[in-house]
Asker: 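Would you mind keeping the following structure in view while I ask a few things?
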Amino acid sequence: MMEKKLKEAEFALLLMLLGLPCLLRIYMVNINIFWLLLAIIDTASAQYLDEAYIVKHMEEITATARGKRVRFYIIAIMAGYLLIGFKSFSLMLILLVNDVVISMLSALKIFFNKSR
């Protein structure tokens, strides 16, 4: 179970990490395609990334090699946001607010699944 969730989380985080340069480039060229690409990345992230499981089992997860890669991807995404901030501060703010909103939606999804 843990290995499957880590594999899915690794896929979603890698997609987000590889999407950062594309988001930056497309944001500068065509804002409409940027929002479409951001929606696609968010949909994949919401489908594959189980944030509550990762936070709950962080100590167990970081003991595995795949868990260390997941942690590295999370840190790399945050560093990517910081680097994007030097190029386009407004894009960095959009991405940070987007991350907060997606995390809140994930928490709401967990809350509503427990209440059923």
Side-chain angles (χ1 to χ4, degrees):
M1 170 92 170
M2 182 172 76
E3 190 64 29
K4 181 182 179 228
K5 289 202 180 269
L6 281 177
K7 187 176 181 180
E8 290 174 350
E10 187 177 13
F11 170 74
L13 290 169
L14 193 58
L15 180 67
M16 290 170 67
L17 184 62
L18 293 175
L20 286 178
C22 297
L23 287 172
L24 178 62
R25 178 71 179 139
I26 291 173
Y27 181 76
M28 299 294 180
V29 176
N30 189 341
I31 194 77
N32 294 327
I33 296 176
F34 163 78
W35 288 110
L36 178 68
L37 182 61
L38 187 61
I40 290 170
I41 291 173
D42 285 345
T43 303
S45 170
Q47 183 176 1
Y48 292 111
L49 189 60
D50 189 0
E51 293 174 353
Y53 183 84
I54 291 174
V55 170
K56 186 176 180 182
H57 300 285
M58 185 56 87
E59 288 184 18
E60 299 169 23
I61 287 173
T62 54
T64 65
R66 189 174 297 255
K68 289 178 183 176
R69 284 195 306 260
V70 166
R71 189 168 145 205
F72 171 77
Y73 292 148
I74 292 170
I75 293 169
I77 289 170
M78 292 301 131
Y81 286 168
L82 182 65
L83 291 174
I84 285 175
F86 290 115
K87 183 73 175 174
S88 173
F89 188 74
S90 62
L91 175 60
M92 181 187 76
L93 288 178
I94 289 170
L95 292 175
L96 288 175
V97 168
N98 179 58
D99 256 1
V100 169
V101 168
I102 294 299
S103 296
M104 289 172 54
L105 289 175
S106 176
L108 283 175
K109 183 175 77 172
I110 293 165
F111 175 74
F112 286 125
N113 285 341
K114 283 186 179 181
S115 65
R116 286 184 188 168

Asker: Where is the tightest heavy-atom contact between S45 and A12, given as atom of each residue plus distance?
Answerer: CA-CB, 4.2 Å
Asker: Could you please spell out the steps behind the side-chain contact (heavy atoms from CB on, under 4.5 Å) verdict for L36 and I40?
Answerer: CA-CA 6 Å; L36 178 68; I40 290 170; 4.3 Å; yes
Asker: How close do L15 and A44 get, heavy atom to heavy atom, and via which atoms?
Answerer: CD2-CB, 3.4 Å
Asker: Only one of V29, L24, L23, I31 passes side chain to side chain contact (heavy atoms under 4.5 Å, CB included) with Y27; say which it is.
Answerer: I31
Asker: Would you compute the distance between atom CG of L82 and atom CG of L96 and round it to the nearest 0.5 angstrom?
Answerer: 9.5 Å
Asker: Drop me the distance from L93's CG to S88's OG, to the nearest 0.5 angstrom.
Answerer: 9.0 Å
Asker: Quick one: pull up CH2 in W35 and CG in N30 and give me the separation to the nearest 0.5 Å.
Answerer: 13.0 Å
Asker: Using 0.5 Å steps for rounding, measure from the OH atom of Y81 to the CG atom of L91.
Answerer: 9.5 Å
Asker: Treating Ile, Leu, Val, Met, Phe, Trp and Tyr as nodes and any side-chain heavy-atom pair under 4.5 angstrom as an edge, say whether M16 and Y73 lie in one connected cluster.
Answerer: yes
Asker: Looking only at heavy atoms, what is the nearest atom pair of G19 and I41, with distance?
Answerer: CA-CD1, 4.0 Å
Asker: Kindly work out whether a path of hydrophobic side-chain contacts (I/L/V/M/F/W/Y, heavy atoms less than 4.5 Å apart) joins L83 to L18.
Answerer: no
Asker: Membership question, hydrophobic clusters at under 4.5 Å side-chain separation (ILVMFWY): are I77 and F89 in the same one?
Answerer: yes
Asker: Check whether any side-chain heavy atom of L95 sits under 4.5 Å from a side-chain heavy atom of D99, and report yes or no.
Answerer: no
Asker: Keeping to residues at least two apart or across chains, list the salt bridge (charged side-chain N to carboxylate O under 4.0 Å, His left out) pairs with something in residues 69-95.
Answerer: E10-R69
